[in-house]
There are 2 protein chains.
Amino acid sequence: MQDASDRDGAETLTAGDGESQIAYKLRLAQIAAYRAFEERVTGYGKAPRYLGLLMIIGANPGSNQSSLAEAVGLRRSSLVAILDQLERDRIVRRDPAPDDRRSKAVRLTGHGSRVLKELTEEAEAHEAALTRGIPEADLAILRAALDRIILNMRALDMPAANAAADRTDSLSRS
Amino acid sequence: MQDASDRDGAETLTAGDGESQIAYKLRLAQIAAYRAFEERVTGYGKAPRYLGLLMIIGANPGSNQSSLAEAVGLRRSSLVAILDQLERDRIVRRDPAPDDRRSKAVRLTGHGSRVLKELTEEAEAHEAALTRGIPEADLAILRAALDRIILNMRALDMPAANAAADRTDSLSRS
DNA sequence: AGCGAATTGTTCGACCCCGAACTAACATGA
DNA sequence: TCATGTTAGTTCGGGGTCGAACAATTCGCT
């Protein structure tokens with residue numbers, strides 16, 4: 001390998017042995033996709049950044065914050081400021097939970113539901129740009145593979161679930 | 001949809017309409033994989049977090065910081081503190097570039113090369129855990145799809161490259 | 001040769017996420 | 001009942017990335 005400073009400096013660098021690593025591609029793809037979406041949709045405050053959270057809240061109204069945090073892959077503590085902002089923007093409400101005075105039932109407001117609908121349309125356009133040129137059959141494989149990766153990584157955090165991961169593709173937790 | 005606070009609180013939440021979104025799966029998979037790797041390998045300081053960078057430096061010795069930043073998907077300014085730490089840990093050197101007094105030629109030290117080799121082995125084990133249960137044929141499709149996604153997203157940042165992205169799967173830049 | 005534009009590395013302030021610690025409330029068991 | 005442990009939400013400090021600005025240097029054009 002010749003020294004990079006000898007070559008034409010305007011080229012893309014070779015990625016080294018890690019270029020075929022899926023973990024590495026995963027990282028690059030996610031960062032690029034995340035940025036592109038935020039550049040695409042403006043004028044909604046910080047809702048686009050937390051679209052995944054809003055979708056989960058919309059699909060599971062009344063969930064508590066701990067469940068939401070786990071569902072979106074964040075820590076409980078990180079969710080606090082996020083919900084503070086979404087609440088300030090009247091997108092989300094924190095009601096007292098009926099059965100447990102510690103927890104709060106998180107729901108979309110009417111305005112939040114409208115914002116979610118509009119952002120979902122943007123996300124679909126983004127998804128189309130993301131997957132442009134990839135055949136539908138490959139997309140199905142991609143989805144399944146990503147699901148399996150998520151499952152594999154979560155199994156490392158909770159060793160008790162390893163046996164289940166060995167056996168089956170089931171998404172249920174013991 | 002019944003209220004979540006009525007149901008058994010110990011279940012995994014449904015992901016809503018976005019559950020099939022590749023952008024969303026991508027995000028969850030990347031975050032989980034990133035965390036799992038950092039938990040796996042300890043005792044190397046902050047080198048594991050920047051393994052991708054080290055691999056690129058190893059494969060392209062003497063590159064300047066701007067090229068490295070673009071290659072790993074970071075900003076020039078973010079790379080400064082990272083290289084400061086890696087230099088402090090004697091993993092990386094910043095030599096003056098021979099042909100341009102503005103830029104610096106980044107290289108691995110001898111110690112850095114050894115660390116890279118050991119971390120690469122850890123990364124291979126991580127990759128195996130990551131892809132466990134996914135057939136090799138699907139992994140090939142996964143790799144190709146991720147490459148295409150990265151290409152698609154970078155095309156959005158540099159509209160001049162759109163024509164090329166429309167035409168072909170070539171990785172070359174105009 | 002010379003002047004404006006672009007590039008390189010850097011610093012700085014803002015923002016976001018994490019982990020640890022804390023309080024309030026629930027759960028369990030002697 | 002009451003002590004112990006666990007869980008929900010929160011606060012706070014640390015660290016990482018970004019964007020904007022800046023000095024030094026190089027490029028491009030005349």
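All of these numbers come straight from a predicted model, not from anything done at the bench. Just so it is clear, the values below take in all heavy atoms, side chains as well, and ignore hydrogens, waters and symmetry mates. The sequence lines fix the lettering, A, B, ..., with proteins before strands; numbering per chain opens at 1.
Checked for salt-bridge contact, A:E38 and A:R49 meet the test: a charged N lies under 4.0 Å from a carboxylate O. A salt bridge between B:K104 and B:D95 is absent, with no side-chain N of the basic residue lying under 4.0 Å from a carboxylate O of the acidic one.
Note: CG (B:N64) to C1' (C:dT10) measures 14 Å, nearest angstrom. In this structure, B:R35 places its CZ atom 15 Å from P of D:dG16, rounding to the nearest Å. Per the geometry, CD belonging to A:E70 stands 14 Å off C1' belonging to D:dA8, to the nearest Å. For the pair B:R75 CZ and D:dA20 P, the interatomic distance rounds to 10 Å; values are reported in whole Å. We find that CG of B:L74 is positioned 15 Å from C1' of C:dG9, with the value rounded to whole Å. B:L79 places its CG atom 15 Å from the C1' atom of C:dT11, with the value rounded to the nearest Å. Following rounding to the nearest Å, A:R76 (CZ) and C:dT23 (P) show an atom-to-atom distance of 16 Å. Straight-line distance from the CG atom of A:D100 to the P atom of D:dG9: 8 Å, rounded to whole Å.
For A:Q65 and D:dT7, the shortest distance from a side-chain N or O to OP1 or OP2 is not below 4.0 Å. For C:dC17, one of the phosphate oxygens OP1 or OP2 lies less than 4.0 angstrom from a side-chain nitrogen or oxygen of A:Y50.
Contacts of B:E38 with the nucleic acid, taken as non-hydrogen atoms under 4.0 Å apart, are absent. Contacts of A:R101 with the nucleic acid, taken as non-hydrogen atoms under 4.0 Å apart, involve only primed sugar atoms and P, OP1 or OP2. Residue contacts shown for A:S103 are limited to sugar-phosphate atoms, with no base heavy atom under 4.0 Å away. Nucleic acid contact class of B:S66 (heavy atoms, under 4.0 Å, all strands): sugar-phosphate only.
Counting only heavy atoms from C-beta on, B:Q85 has its side chain closest to D:dG16 among C:dC18, D:dG16, C:dT10. Which of C:dT10, C:dC17, C:dC16 sits closest to the side chain of A:K46 comes down to C:dC16.
The minimum heavy-atom distance between A:A47 and A:L119, with the atom names listed, is CB-CD1, 3.8 Å.
Side-chain to base pairing of B:R102 with C:dT8: no donor and acceptor N or O lie closer than 3.5 Å to each other.
The only member of A:I141, A:L146, A:L139 that meets side-chain contact (heavy atoms from CB on, under 4.5 Å) when paired with A:R143 is A:L139.
When the nearest nucleotides of DNA chain C are assigned to A:S77 and A:R49 by heavy-atom distance, the more 5′-ward of the two goes with A:R49. Positionally, the nearest nucleotide of DNA chain D for A:R94 lies more toward the 5' end than for the other of A:R94 and B:G73.
Of the inter-residue distances, the one linking A:H126 atom NE2 with A:E121 atom CD reads 15.5 Å to the nearest 0.5 angstrom.
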